Protein chains: 2
Amino acid sequence: MTTTAKICPSGDERVKLFGLLLETNARLSRNLGVTLEASCALPLAWFEVLLLLRQSPEGHLKMNQIADAIVHTTGGTTRLIDRLEEAGFVSRRQCPSDRRAIHVGISTLGDEKLDQALNVHLDYLEENLAARLSEGERLTLTDLLTKLMATKTS
Amino acid sequence: MTTTAKICPSGDERVKLFGLLLETNARLSRNLGVTLEASCALPLAWFEVLLLLRQSPEGHLKMNQIADAIVHTTGGTTRLIDRLEEAGFVSRRQCPSDRRAIHVGISTLGDEKLDQALNVHLDYLEENLAARLSEGERLTLTDLLTKLMATKTS
DNA sequence: AGACTATAGTTGCCTACTCAACTACTTGTC
DNA sequence: GACAAGTAGTTGAGTAGGCAACTATAGTCT
């Protein structure tokens, strides 16, 4: 009762898991993106950058750190930061110790925007994450994803 | 020793989990995309569609089903299928019961390409998924993600 | 010091997407 | 059976991001 050999791999448990991972993420980001856009006029990518900057211990990051964290190329990141800077949410400053590098810091305006967006985001998470996964499950998920990311080669 | 109030939400466990989810996925897709592109000259989006078509019970799907599954707009999907069709991997046919609808089916060429890509994908999964997560962990992860996607509102 | 390699960031060109407006068909209502 | 409302897919215009080539600075080796 085997369907032809080539059918098998597409039904593989790991293939399915991977597909699920892709889909989950696509839906979550799309949804959050739409929500943020609608309520704060803030593109998801902007939100990611602002959040990242706030979380950074020194309050600023270099272009390549941002690029890596949001998984964009440095070229794409340059343009993204251009737009954020033009909107007044971040600012570029020369890095004192390396003249090639640039420090991107969040501005007061960006800070306010982020607060606003975080409120929306928290509501969103409450509705879409906390409502579906218990705290234990969330911890497990965090753990599993962390393992998946190990070595960042993934 | 609280830093100002506004710092808190950005450190929220759920915010972090969400960020991790975004990042994990971005890295995984980017990596697989590069791998597939390099070894099969097959863009990730094309792979997704081909896989989807093979997994579909009737061997074909309507445009809007594809759009939904890969989380694109119907506009974007039209163009994506245009390219796949031009490459000879899929074909459009009139749906007999609804003259607005179109059935997209995989071609022989597409089938072969998919086999080739699946080999690469399986190696990739072996290296990046199976090596990091035990079977039990993979099952748990599948379970959690499924819960997250429940109702598809997520 | 001088030369070679590596790294940080920007830019031009291109592709793939979104959004909104459109056409064509279907379904429901009277 | 005709008209309104909804649904499937396509198209034009706009945008964000990738790639590869470039500039400028840093580090390394002799």
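Note on naming: letters A, B, ... go to the chains in the order of the sequence lines (proteins, then strands), and numbering restarts at 1 for each one. Quantities reported herein were computed from a predicted structural model and do not represent experimental measurements. Quick note: numbers below take in every heavy atom, side chains included, and nothing from hydrogens, waters or symmetry partners.
- In this entry the distance linking CG of B:Leu84 with C1' of C:dA16 reads 13 Å, nearest Å.
- A donor atom on one side chain and an acceptor atom on the other are found under 3.5 Å apart for A:Ser29 and A:Asn25.
- Here the P atom of nucleotide C:dC17 and the CG atom of B:Asp82 are 11 Å apart, to the nearest Å.
- Nucleotide C:dC17 holds its P atom 19 Å from the CD atom of A:Glu37, rounded to whole Å.
- When distances run from any side-chain atom of A:Arg99 to the nucleotides D:dG9, D:dT25, C:dG9, the shortest one goes to D:dT25.
- For B:Thr73, the side-chain atoms get nearest to C:dT18 when compared with the rest of D:dT10, C:dT18, D:dG18.
- Distance from the side chain of B:Ile102 is smallest for D:dT10 among the nucleotides D:dT10, D:dT11, D:dG18.
- B:Asp98 comes within 4.0 angstrom of sugar-phosphate atoms only, judged by non-hydrogen atoms across all strands, and of no base.
- Here the C1' atom of nucleotide C:dT7 and the CD atom of A:Gln65 are 14 Å apart, to the nearest Å.
- The interatomic distance linking B:Ile66 (CD1) with D:dT10 (P) rounds to 10 Å, in whole Å.
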Practice item. Begin with the C-alpha distance, continue with both residues' side-chain angles, and end with the deciding distance and a verdict on side chain to side chain donor-acceptor pair (under 3.5 Å) for A:Thr35 and A:Asn31. Key: CA-CA 6 Å; A:Thr35 307; A:Asn31 252 268; 5.0 Å; no
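- Under 4.0 angstrom from either OP1 or OP2 of D:dT10 there lies at least one side-chain N or O belonging to B:Arg92.
- The existence of a salt bridge linking B:Asp68 and A:Arg27 is confirmed by a sub-4.0 Å separation between a basic side-chain nitrogen and an acidic carboxylate oxygen.
- Heavy atoms of A:Arg83 sit under 4.0 angstrom from primed sugar atoms or phosphate atoms, though from no base atom.
- Between the side chain of B:Arg100 and the base of C:dT26, no donor-acceptor pair of N or O atoms lies under 3.5 Å.
- Taking atom CE on B:Met63 and atom C1' on C:dT23, their separation rounds to 15 Å, with Å as the unit.
- One N or O donor and one acceptor, one from the side chain of B:Arg79 and one from the base of C:dT18, sit under 3.5 Å apart.
- With the nearest nucleotide of DNA chain C identified for both A:Ala101 and B:Gly75, A:Ala101 has the one nearer the 5' end.
- A donor N or O paired with an acceptor N or O is not found under 3.5 Å between the base of D:dG17 and the side-chain atoms of B:Arg30.
- At whole-Å resolution of the value, CD in A:Gln94 and P in D:dA24 are 13 Å apart.
- Side-chain nitrogen and oxygen atoms of A:Asn64 include none within less than 4.0 Å of the OP1 or OP2 phosphate oxygen of C:dT7.
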